[in-house]
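Quick notes on the structure that follows.
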Amino acid sequence: MNHVRSNGGPAEDDRGPIIEAPPVLFEIADLGWDDPVLESYGDAGKIALYSSKFSELTVVPPFKYSYGGRIRRFQGVNQLRWVTDVLRAKPFSKSGWISLTAPGERQDAVPCLTALAFRLREGRLVMTATFRSQNALTCYLNYVPLRSIQCEVADDLEVSCGAMRIFVDVPHIYAVDVPAVDDILRLSERDELSEGESLPGPAGRSGRDLDRLRPDRGQRAS
């Protein structure tokens with residue numbers, strides 16, 4: 001959010017005016033619904049809805065696509081199983097890349113998350129998620145389910161989870177949300193959680209601690 005507010009400018013979107021910023025690449029060492037930043041500033045009421053976009057194979061309204069379906073049953077292929085087989089056969093492989101888009105997509109249903117890349121490096125599974133566009137205010141609602149996907153593949157390969165890298169080509173916030181974003185940034189500065197700082201956490205833990213990634217755990221936070 002700070003990146004968009006500091007570096008963004010006015011642009012248009014189907015849902016109205018936005019503030020649009022240059023592309024951004026960053027890395028998350030570890031993440032769960034128990035993250036203190038999410039517990040302080042997240043919207044617990046949306047956790048189950050957004051998590052269903054990754055867990056359900058069919059489209060869940062109001063979404064126009066299902067990440068779960070595209071990851072686990074895209075054109076008849078379970079892509080997680082495929083990528084696990086690739087890395088199990090060749091741990092050094094750079095081909096562990098799956099796409100969530102297809103040629104000729106309906107223009108109003110092109111997913112924001114376009115690809116996931118998995119690599120085994122130094123005994124850990126690293127994952128890169130590529131987004132064509134992302135709302136910086138609600139992006140965390142995708143990041144924790146994505147971390148659970150990474151942990152699932154790591155468990156299947158019997159390795160620990162490494163970093164989760166995120167590339168967003170068009171990070172933005174909606175103009176109508178600017179007051180809410182500014183309130184969060186003001187509160188985060190008060191709590192010394194501004195950009196460039198991080199909270200201590202257990203980086204590199206095994207993916208087997210899946211309870212902290214479950215939606216119901218997040219809903220218990222207030």
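Hydrogens, waters and symmetry mates are skipped; everything else that's a heavy atom, side chains included, is used.
Look at Glu152 and Arg72 and you find a salt bridge, because one of the NZ, NE, NH1 or NH2 atoms lies within 4.0 Å of a carboxylate O, short of that distance. At a threshold of 4.0 Å, the pair Arg81-Asp156 does not count as salt-bridged, since none of the basic side-chain nitrogens sits closer than that to a carboxylate oxygen.
In this structure, the separation between CD1 on Ile19 and CG on Asp177 is 11.0 Å, given to the nearest 0.5 Å. Taken from CD in Gln150 to CZ in Arg147, the straight-line distance is 4.5 Å, to the nearest 0.5 Å. Note that NZ of Lys53 is 8.5 Å distant from CG of Leu141, once rounded to the nearest 0.5 Å. Here the straight-line distance linking atom OG of Ser188 with atom CD1 of Ile184 works out to 8.5 Å at 0.5 Å rounding. Distance CG/Leu31 to SG/Cys161: 11.0 Å, rounded to 0.5 Å. We find the CG-CZ distance between Leu80 and Phe74 to be 13.5 Å, quoted to the nearest 0.5 Å.
The hydrophobic cluster containing Trp82 also contains Leu120, counting ILVMFWY residues as joined when their side-chain heavy atoms lie under 4.5 angstrom apart, directly or transitively. Residues Val60 and Val110 are members of separate hydrophobic clusters, defined by side-chain heavy-atom contacts under 4.5 angstrom among Ile, Leu, Val, Met, Phe, Trp and Tyr. Cluster membership for Leu137 and Val170, using ILVMFWY side-chain heavy atoms within less than 4.5 angstrom, is not shared. Under the 4.5 Å side-chain heavy-atom criterion for ILVMFWY residues, a single connected hydrophobic cluster contains both Val168 and Met127. Tracing side-chain contacts under 4.5 Å through hydrophobic residues (I, L, V, M, F, W, Y), one reaches Tyr65 starting from Ile98; they form part of the same cluster.
Counting heavy atoms from C-beta outward, Asp108 and Lys64 have side chains that approach closer than 4.5 Å. Side-chain contact between Glu20 and Pro10: absent, with no pair of heavy atoms (C-beta onward) separated by less than 4.5 Å. Within the 4.5 Å cutoff, side-chain heavy atoms of Leu146 are placed close to those of Leu116. Side-chain contact between Thr130 and Trp97 is present, with at least one heavy-atom pair separated by less than 4.5 Å. Between Asp35 and Tyr143 there is no side-chain heavy-atom pair separated by less than 4.5 Å. Between Cys112 and Tyr67 there is a side-chain heavy-atom pair separated by less than 4.5 Å. Side-chain contact between Met164 and Asp30 is absent, with no heavy-atom pair separated by less than 4.5 Å. Considering only heavy atoms from C-beta on, Pro171 stays 4.5 Å or farther from Met1 through its side chain.
Relative to the ring axis of Tyr174, Arg15 places its NZ or CZ within 45° and under 6.0 Å from the centre.
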Just do the side-chain contact (heavy atoms from CB on, under 4.5 Å) check on Leu113 and Asn142 with the steps written out, would you? CA-CA 9 Å; Leu113 175 63; Asn142 293 302; over 6 Å; no
Carefully, step by step, assess Leu100 and Ile71 under the rule side-chain contact (heavy atoms from CB on, under 4.5 Å). CA-CA 7 Å; Leu100 279 73; Ile71 290 171; 4.0 Å; yes
Pair Glu56-Arg70, salt bridge (Lys or Arg N to Asp or Glu O under 4.0 Å): steps then yes or no: CA-CA 10 Å; Glu56 299 295 327; Arg70 290 179 182 241; over 6 Å; no
Report the C-alpha distance between Ile166 and Leu25 in whole Å, list the side-chain angles of each, state the deciding distance to 0.1 Å, and finish with yes or no for side-chain contact (heavy atoms from CB on, under 4.5 Å). CA-CA 6 Å; Ile166 307 291; Leu25 172 68; over 6 Å; no
Hey, mind stepping through Val144 and Ile47 against side-chain contact (heavy atoms from CB on, under 4.5 Å) and telling me if it holds? CA-CA 9 Å; Val144 182; Ile47 289 174; over 6 Å; no
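Checked by atom type and distance alone, the side chain of Ser52 pairs as donor or acceptor with a backbone atom of Leu49 at under 3.5 Å. No side-chain donor-acceptor contact under 3.5 Å links Ser93 to the backbone of Val86. The backbone N or O of Pro145 sits less than 3.5 Å from a side-chain atom of Ser148, completing a donor-acceptor pair. At least one donor-acceptor pair closer than 3.5 Å links the side chain of Arg132 to the backbone N or O of Pro111.
Other residues, nucleotides and ligands place no more than 12 heavy atoms under 6.0 Å from the CZ atom of Arg73.
In terms of heavy-atom proximity, Gln79 sits nearest to Ser99 at NE2-O, 2.9 Å. Among all heavy-atom pairs drawn from Arg124 and Ser160, the shortest one is CG-OG, 3.1 Å. Closest of all the heavy-atom pairs between Val4 and Ala136 is CG2-CB, 4.1 Å. Residues Pro22 and His3 come closest through the heavy atom pair O-NE2, 2.9 Å. Scanning all heavy atoms of the two residues, the minimum distance from Phe54 to Tyr50 falls at CD1-O, 3.6 Å.
Residue pairs meeting the salt bridge (charged side-chain N to carboxylate O under 4.0 Å, His left out) criterion with at least one partner in residues 5-14, sequence neighbours excluded, are Arg5-Asp182.
A perpendicular orientation is assigned to the rings of Tyr140 and Trp33, their planes being inclined by more than 60° (bins at 30° and 60°).
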